[in-house]
**Student:** 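Here it is: the structure, laid out below.
Chain A is the first sequence line, chain B the second, and so forth, proteins listed ahead of strands; every chain is numbered from 1.
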Amino acid sequence: MYLLASRTGNGEILVTALDAAGAPTAPAERLTQLDFPAFVAAREPAGPRWVWDDTSRWSPALLAAGIRVRRCHDLRLCHAILRGSELTRASELAGRAPGRWDRAAALEAAVPQGATLFDLASGDDEPADDDTMAEFLRQFQAVASCPEPGRLRLLLAAESVGALIAAEMHFAGLPWRTDIHDRLLTAELGPRVAHGTRPERLEQLAGRIRDELDDQVFNLDSQQELLKALQRSGLMATSTRAWELKKLEHPVIEPLLEYKKLARLLSANGWYWMDTWIVDGRFHPEYVPGAATTGRWGASGGGPLQLPRQVRGAVVADEGWKLVVADAAQLEPRILAALSADTAMAAAGRDTDLYAGIVASGVVETRDQAKVAMLGAMYGATTGESGRLLPRLARAYPRALGLTEAAARAGERGDIVTTRLGRSSPRPGESWQATQAQAYDPAATDGDERRARSQARDWGRFTRNFVVQGSAAEWALCWMAEVRRELWSLRGTEAPDRPAAFAATPHLVFFLHDEVIVHTPVALAGEVEQIITRAAATAGRLLFGDFPVDFLLTAATVDSYAEAK
DNA sequence: CGACCCTGCGCG
DNA sequence: AAAGCGCGCAGGGTCG
């Protein structure tokens, strides 16, 4: 049932089989690191759940050996969830002093960097053999004794399979055509030049800007110098932000905005970026499950979650392959409707664009209004058009808006809120508490009270959004897990020239909060699209049972990411 | 010189 | 302080 793997102090691996109650069923087996992949491959057909400290440390060697595991339990990720969850607050695990399971993954994985070698040598970071086991049992207990164990079991499984997917996507990489990327850059910026020098097009724009501002020497790339130069020319700019510059009337504005746009392209996704991050036609970023407190993923290594539309044309399927690009339409409002059991809001999104449905119900006049009002409800807008439209939304959807309001009030009090599957928000820090306490002091000034109120509202907007964003992240994990599981069953038609077994069949290559990309042989693209669509419905049922809410997708089978809207 | 903060902007 | 959440990254600037 469970196979618990841990490393011993001398670099060997211990594997202990546990039954469904967490009790060992046989003596531990001792393996070398070299033997481990074959051992995993031999055990995998029985469908075990592998238990280990950190998937990002165990996966690379397995994937390099062409081996994938179906299920795991990532102790570090699950620990973070269980430590903070409202549902397990009475557990032994939640009450313990912070220890090695609370430390950042970076610290634990940083052995080769050198900087932390001293810490490692002087500490006890290499776990004793029984530490991994003890932690697993504490987690097991915490879940078993909580009020609704089913929610957390699903969350921990989803979080852990997410870690497997993150490692697999890193390994497989996103198909990337450097020749197309180069053409695209050349068309925008001019021919490639050495790193650190301005391409032709930027140089021309810089010249125009200098002429318009009548200043040939200032450094365009310094915000401070640029701002001063603008002000010397009589422009009433208070910052160099694009949206603020747009409001100004002056011949320098047009070339300046163009310069900023292209300079950004060059520095964020230019040739230097391409040389650094694209290897053998693949982009291999690190994905970091649970990086945001809401449960959303983070990522690093080339900024994959900020991939601008400008360069998506370089993401192109291999010859004979396709990209299936799918994103969940209006995911967060749909999540909110289901969370609050707001049947009217759910009905507005049935079989249609949810914002269009709100318009059709006569709540507001335009799709744009519906969207800005919904975002305002979920983010806590108070002013502007969004603020003005909120009362209409509240009348039509009292349950949904009631939920976001309640979440905001909880945060303003310093209370925690919890997602659908049981991830809870962090408590505000000490300085937050201190500021609140100060406002209650008899000697408090108006300033103290204002500061405390404003800070409380800030935290309220965070908790308001946490419930929705966090539950949406859970839906997305379940969706992706289901996609992975179904794609797995399409094996048996491997392309022989592929490096590893799973990259020879349809596989996930990208994930962006509510959007996935699957790279697939052409012949299977239709089936992949169906799998992704079915998986969305399955994820909805996993989170919300029979509650009648649709999770619509926009899915497209394309050669290039740029073709998908 | 590195470590850190700030600004601005890309994504959802 | 962009009305309103969550991130990561690059580049300039400052400090020790």
**Student:** Does a side-chain N or O of A:Arg309 approach OP1 or OP2 of B:dG12 to a distance below 4.0 Å, or not?
**Tutor:** yes
**Student:** Using 30° and 60° as the class limits, which term best fits the ring planes of A:Phe283 and A:Trp176: parallel, tilted or perpendicular?
**Tutor:** perpendicular
**Student:** Would you mind reading off the distance between A:Leu307 atom CG and C:dC9 atom P, rounded to a whole angstrom?
**Tutor:** 13 Å
**Student:** I'd like to know if A:Gln306 reaches the base of C:dG8 with its side chain, counting only an N/O donor and acceptor under 3.5 Å.
**Tutor:**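 Between C:dG8 and A:Gln306, which were checked side chain against base, a qualifying N/O pair under 3.5 Å is present.
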**Student:** Taking the C1' atom of each, how far is C:dG4 from B:dC5, in whole Å?
**Tutor:** 24 Å
**Student:** Could you give the distance separating C:dG6 and C:dA1 at their P atoms, to the nearest angstrom?
**Tutor:** 14 Å
**Student:** Which one is paired to B:dC6, where only Watson-Crick or G-U wobble pairs with both distances under 3.5 angstrom count?
**Tutor:**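 Result: C:dG11.
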**Student:** Indicate yes or no: does A:Arg409 engage A:Glu412 in a salt bridge with an N to O separation below 4.0 Å.
**Tutor:** yes
**Student:** Considering only side-chain heavy atoms of A:Thr382, which listed nucleotide, C:dG8, C:dA3, C:dG6, is closest?
**Tutor:**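 Looking only at side-chain atoms, A:Thr382 lies closest to C:dA3.
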**Student:** Looking across every strand, which nucleic acid part, if any, lies under 4.0 Å from A:Val372 by heavy atom: base, sugar-phosphate, or nothing?
**Tutor:**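 Base, at least one base heavy atom under 4.0 Å.
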**Student:** Just how far, in rounded Å, is P of C:dC9 from CG of A:Leu266?
**Tutor:**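 Distance check: A:Leu266 CG to C:dC9 P gives 18 Å.
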**Student:** Apply salt bridge (charged side-chain N to carboxylate O under 4.0 Å, His left out) to residues A:Glu563 and A:Arg312 and explain how you reach the verdict.
**Tutor:** CA-CA 9 Å; A:Glu563 297 166 43; A:Arg312 293 185 180 182; over 6 Å; no
**Student:** Under 4.0 angstrom, heavy atoms only, what part of the nucleic acid is A:Glu332 near: base, sugar-phosphate, or nothing?
**Tutor:**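 No contact at all - A:Glu332 keeps every heavy atom at 4.0 Å or more from the nucleic acid.
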**Student:** Is the shortest side-chain N to carboxylate O distance from A:Arg392 to A:Glu365 below 4.0 Å?
**Tutor:**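 Salt bridge between A:Arg392 and A:Glu365, a charged N being under 4.0 Å from a carboxylate O: yes.
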**Student:** Picking from B:dC11, C:dG6, C:dG8, which would you name as closest to the side chain of A:Pro308?
**Tutor:**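 Closest nucleotide to the A:Pro308 side chain: B:dC11.
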**Student:** Which nucleotide in the list C:dG6, B:dG12, B:dT7 gets nearest to the side chain of A:Gln223?
**Tutor:**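 So the nucleotide nearest the side chain must be B:dT7.
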**Student:** How close or far is atom C1' of C:dC5 from atom CG of A:Asp458, stated in whole angstroms?
**Tutor:** 11 Å
**Student:** Taking the minimum atom-to-atom distance to the side chain of A:Lys260, which one of B:dC11, C:dG6, B:dC9 wins?
**Tutor:** B:dC9
**Student:** Does A:Thr240 make a side-chain N or O approach to OP1 or OP2 of B:dG8 shorter than 4.0 Å?
**Tutor:** yes
**Student:** When the nearest nucleotide of DNA chain C is assigned to A:Gly384 and to A:His513 on a heavy-atom basis, which residue is associated with the more 5' position?
**Tutor:** A:Gly384
**Student:** Please state how far atom NZ in A:Lys246 lies from atom C1' in C:dA2, giving the value in whole angstrom units.
**Tutor:** 12 Å
**Student:** Just checking A:Gly301: base, sugar-phosphate only, or nothing, at a heavy-atom cut-off of under 4.0 Å?
**Tutor:** sugar-phosphate
**Student:** Please state how far atom CG in A:Asp221 lies from atom P in C:dG11, giving the value in whole angstrom units.
**Tutor:**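 Taking atom P of C:dG11 as the reference, CG of A:Asp221 is at 9 Å.
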**Student:** Salt bridge between A:Arg232 and A:Asp215, side-chain N to carboxylate O under 4.0 Å?
**Tutor:**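 Looking at A:Asp215 together with A:Arg232, the answer is yes, because their closest N to O distance falls below 4.0 Å.
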**Student:** Whole angstroms only, please: what is the CG-P distance between A:Leu230 and B:dG8?
**Tutor:**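 The distance from CG of A:Leu230 to P of B:dG8 comes to 12 Å, rounded to the nearest Å.
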**Student:** Rounding to a whole Å, what distance do you find between A:Glu244:CD and C:dA1:P?
**Tutor:**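 For the pair A:Glu244 CD and C:dA1 P, the rounded distance is 11 Å.
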**Student:** From the set B:dC11, C:dG6, C:dA2, return the single nucleotide nearest to any side-chain atom of A:Arg241.
**Tutor:**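 Shortest atom-to-atom distance from the side chain points to C:dA2.
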**Student:** Just checking A:Gly387: base, sugar-phosphate only, or nothing, at a heavy-atom cut-off of under 4.0 Å?
**Tutor:**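 Nothing, no heavy atom under 4.0 Å.
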**Student:** One thing to verify: whether A:Asp221 and A:Arg198 come together as a salt bridge, which I'm taking to mean a side-chain N less than 4.0 angstrom from a carboxylate O.
**Tutor:** yes
**Student:** Using the side-chain heavy atoms of A:Ser222, tell me which of these nucleotides is nearest: C:dG13, B:dG12, C:dA2.
**Tutor:**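 So the side chain of A:Ser222 is nearest to C:dG13.
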**Student:** Round to the nearest Å and state the distance from A:Leu401 atom CG to C:dG4 atom P.
**Tutor:**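 Computing the A:Leu401:CG to C:dG4:P distance gives 16 Å.
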**Student:** Picking from C:dC7, B:dG12, C:dC5, which would you name as closest to the side chain of A:Arg461?
**Tutor:** C:dC5
**Student:** Would you indicate which nucleotide in C:dG12, B:dC11, B:dG10 comes nearest to any side-chain atom of A:Arg312?
**Tutor:** B:dC11
**Student:** Go nucleotide by nucleotide along DNA chain C from the 5' end; which of A:Gln469 and A:Thr383 gets its closest nucleotide reached first?
**Tutor:**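 Upstream on the strand: A:Thr383.
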**Student:** Do A:Arg296 and B:dG12 share a donor-acceptor pair, side chain to base, under 3.5 Å?
**Tutor:** yes
**Student:** For A:Ala299, answer base if it contacts any base atom (sugar-phosphate contacts may also be present), sugar-phosphate if it contacts only those atoms, and nothing otherwise; contact means non-hydrogen atoms under 4.0 Å.
**Tutor:** sugar-phosphate
**Student:** May I ask you to say what A:Leu512 touches in the nucleic acid, namely base, sugar-phosphate or nothing, with a heavy-atom cut-off under 4.0 Å?
**Tutor:**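 Touches sugar-phosphate only.
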**Student:** Ignoring hydrogens and geometry, is there a side-chain-to-backbone donor-acceptor pair from A:His519 to A:Leu323 under 3.5 Å?
**Tutor:** no
